[in-house]
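Below is one structure, written out as structure tokens, with a few remarks after it.
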Amino acid sequence: MRTSWADSVANSASESAAPASSGNNGLLRPTRSTYVPPHLRNQTPSTDLPAPPPAVQSQANDRVGYGGPAGGSRWPGGSRPDYGRPGYGSGGRTTAAAAGGWNNRSGGWERGREREVNPFGNDDVEVDGAFTEQENTGINFDAYEDIPVETSGDNVPPPVNTFAEIDLGEALNQNIRRCKYVKPTPVQRNAIPIILAGRDLMACAQTGSGKTAAFCFPIISGIMREQYVQRPRGPRTVYPLALILSPTRELSCQIHDEARKFSYQTGVKVVVAYGGAPINQQLRELERGVDVLVATPGRLVDLLERARVSLQMIRYLALDEADRMLDMGFEPQIRKIVEQMDMPPPGRRQTMLFSATFPKEIQRLASDFLSNYIFLAVGRVGSSTDLIIQRVEYVHETDKRSHLMDLLHAQRETEIHGKQSLTLVFVETKKGADALEYWLCGNGFPATTIHGDRTQQEREMALRSFKSGKTPILVATDVAARGLDIPHVAHVVNFDLPNDIDDYVHRIGRTGRAGKTGLATAFFNENNTSIARSLADLMQEANQEVPAWLTRYASRVSYSGGKNRRTGGGRFGGRDFRREGSFNRGMDYYGGGNSSGGYGVPGGYGGGYGPGVASAWD
DNA sequence: AAAAAAG
């Protein structure tokens with residue numbers, strides 16, 4: 001039986017004997033060992049802090065209407081003109097234009113839309129039934145208040161509690177029901193109103209916390225609401241209204257799949273473009289019309305240089321895994337796309353950056369892309385939940401294979417019939433991935449591998465084969481570390497530990513999803529001393545058993561070099577760098593500081609938002 | 001130092 005996230009929140013709240021509102025905000029030590037997200041740690045009761053978010057929704061819309069004569073793209077309730085197109089959308093049940101004044105817009109490809117494939121893979125008749133089926137009575141929705149949230153910026157719109165509170169449009173609402181999303185997740189509760197208010201956003205929220213929907217819903221809704229926008233018609237150039245960038249091809253595909261569900265029968269067309277696949281097919285898709293383009297940077301640059309895509313009409317820009325997108329390898333390419341092509345500048349487009357981790361230096365880079373943005377940090381570091389059991393074992397380099405074999409044997413025995421349990425093994429190099437896959441297969445363990453030296457076809461095949469359980473072991477490089485939602489991953493093995501603790505966080509976050517518990521095992525040896533300290537800290541914060549030998553390694557590590565030293569910033573980076581100046585306290589490794597007394601750190605916070613309908617969280 | 005992203 002499925003448990004919803006709200007259930008778990010309600011449970012954890014009822015377990016808590018120390019509600020945040022009990023007035024003893026100064027008493028920050030929880031009554032029991034609970035996980036506290038890094039950005040809320042080391043708080044001191046502080047009075048010199050900004051006020052909590054305003055109680056009244058700000059209608060602040062500080063950007064000018066896009067494109068001049070078309071006017072503001074957002075409008076106060078009630079005064080919205082009816083953009084319904086006569087004779088349009090006579091298909092019946094999904095037509096909402098008449099009721100709500102919603103514009104089931106079309107960019108001139110109505111015929112294609114009539115043939116739109118149902119991305120839900122069912123007949124989709126019982127939308128309402130599906131909703132009630134999922135509906136849970138007796139949920140303590142007040143418990144949502146216990147999710148630690150930190151926001152900063154001007155006039156932060158308050159969070160919402162339900163999808164119904166926000167006017168996303170009936171067509172989108174139906175898709176939300178089809179997806180069986182009952183309640184917005186914390187990041188959705190907070191981010192959607194911010195985006196709907198037209199504000200730029202930098203959001204810290206772990207993949208798996210529902211962030212894809214958090215930026216897709218407002219984008220799709222916003223495009224639906226737009227007055228029909230006359231886009232230039234170059235001979236072969238297309239003009240998307242929204243651009244979503246992600247660091248890997250597979251992640252772009254996944255976002256595209258999700259976005260297609262959300263946009264079903266809304267008239268909003270979503271297209272994906274990524275490298276390694278024949279460009280001609282993607283060009284044909286683009287020519288059929290595109291509102292939302294999901295892409296990896298390389299292929300997009302190619303399309304831009306061929307003048308097959310223009311960014312001139314972009315109103316929404318979303319960077320997924322934004323810290324990765326702005327790291328050394330990607331930054332020039334991203335800068336080129338965002339700053340050196342024909343995209344409207346900050347202020348004339350809406351920019352949304354999402355990431356689990358936002359190091360200060362990356363925030364600084366990112367702020368170039370933003371205009372008067374709101375910083376949002378929601379909840380825990382997803383992978384550090386109680387749902388994931390983290391283990392570290394000392395394994396010499398030469399013993400790794402046999403040790404892995406032992407683990408796989410043990411797991412075989414505990415395998416539950418019916419559902420294949422999957423093991424994801426991370427290694428450092430592409431060569432190492434191939435070698436380990438070969439060795440595993442040779443030893444009777446059906447394995448496959450995914451890494452950047454494989455063809456896109458091989459990569460997608462490997463992922464399918466793994467997901468289906470045909471090869472229940474996947475050996476992967478960091479290409480699979482971020483964002484991928486693979487159900488039934490029971491075990492993540494860090495065969496080679498990464499050098500960066502953030503990568504570790506993302507890797508183990510591939511398990512412990514959909515309310516299932518997950519196991520993460522790391523092989524540690526002398527080659528990994530650079531991560532010892534941050535690993536020990538992370539595990540301790542997540543209430544995991546830290547082996548004494550690891551603690552010794554951790555204490556031995558000097559404070560000098562190492563990319564894991566985020567001096568003053570903290571590992572989570574869940575803090576607005578704009579506030580560093582006034583709030584940096586020397587001793588405070590995690591940045592500390594409290595933003596909103598109203599949110600505080602609830603005594604019973606320990607659940608995280610693992611349990612729930614799996615896909616609802618990405 | 002490695003990985004990812006164009007062909």
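All of these numbers come straight from a predicted model, not from anything done at the bench.
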Worksheet entry | Residue-phosphate contact under 4.0 Å: R249(A) side-chain N/O, dA5(B) OP1/OP2 | yes

Discussion item. In the structure I gave you, are the side-chain heavy atoms of D576(A) and L376(A) within less than 4.5 Å of one another anywhere?
Written reply: no

Discussion item. Between H409(A) and F445(A) (judged by ring centroids, cut-off 6.0 Å), do the two rings come close enough to count as a pair?
Written reply: yes

Worksheet item: Counting only side-chain N and O atoms of K431(A), is one of them less than 4.0 Å from OP1 or OP2 of dA2(B)?
Response: no

Fill in: Spacing of E428(A) atom CD relative to dA2(B) atom C1', expressed in whole Å
6 Å

Practice prompt. Compare side-chain N and O positions of T477(A) against OP1 and OP2 of dA4(B) and report whether any pair is under 4.0 Å apart.
Written response: yes

Practice prompt. To the nearest Å, give me how far apart CG (L300(A)) and P (dA4(B)) are.
Written response: 20 Å

Practice prompt. Identify, residue by residue, the members of residues 452-462 of chain A with a heavy atom below 4.0 Å from DNA chain B, and return them in order of residue number, or none.
Written response: G452(A), R459(A)

Worksheet item: To the nearest Å, how far apart are K430(A) NZ and dA5(B) C1'?
Response: 11 Å

Worksheet item: Which is true for G329(A) with a 4.0 Å heavy-atom rule: it touches a base, it touches only sugar-phosphate, or it touches nothing?
Response: base

Practice prompt. Taking salt bridge (Lys or Arg N to Asp or Glu O under 4.0 Å) as the test, write out the residues that go with K430(A), two or more places apart.
Written response: D453(A)

Discussion item. A side-chain contact here means heavy atoms from C-beta on lying under 4.5 Å apart; do E428(A) and N499(A) qualify?
Written reply: yes

Discussion item. Classify V479(A) by what it touches in the nucleic acid, base, sugar-phosphate, or nothing, heavy-atom distance under 4.0 Å.
Written reply: sugar-phosphate

Discussion item. Do M325(A) and L245(A) make a side-chain contact, defined as non-hydrogen atoms from C-beta onward lying under 4.5 Å apart?
Written reply: yes

Worksheet item: With a distance cut-off below 6.0 Å to the six-membered ring centre and an angular limit of 45° from the axis, does R507(A) pair with Y504(A) as a cation-pi contact?
Response: no

Practice prompt. Grab the CG-P distance between L484(A) and dA4(B) for me, whole Å please.
Written response: 12 Å

Practice prompt. Starting from P on dA3(B), measure out to CG on D503(A) and report it in whole angstrom.
Written response: 12 Å

Response to the item:
N527(A) atom CG is separated from dA1(B) atom C1', nearest whole Å, by 12 Å

Practice prompt. Measure from NE2 on H451(A) to P on dA3(B) and round the result to the nearest Å.
Written response: 9 Å

Worksheet item: Taking atom P of dA1(B) as reference, at what distance in whole Å does atom CG of L497(A) sit?
Response: 20 Å

Discussion item. Looking at P240(A), is its backbone amide N or carbonyl O close enough to the side chain of D291(A) to form a donor-acceptor pair, meaning the two atoms are under 3.5 Å apart?
Written reply: no

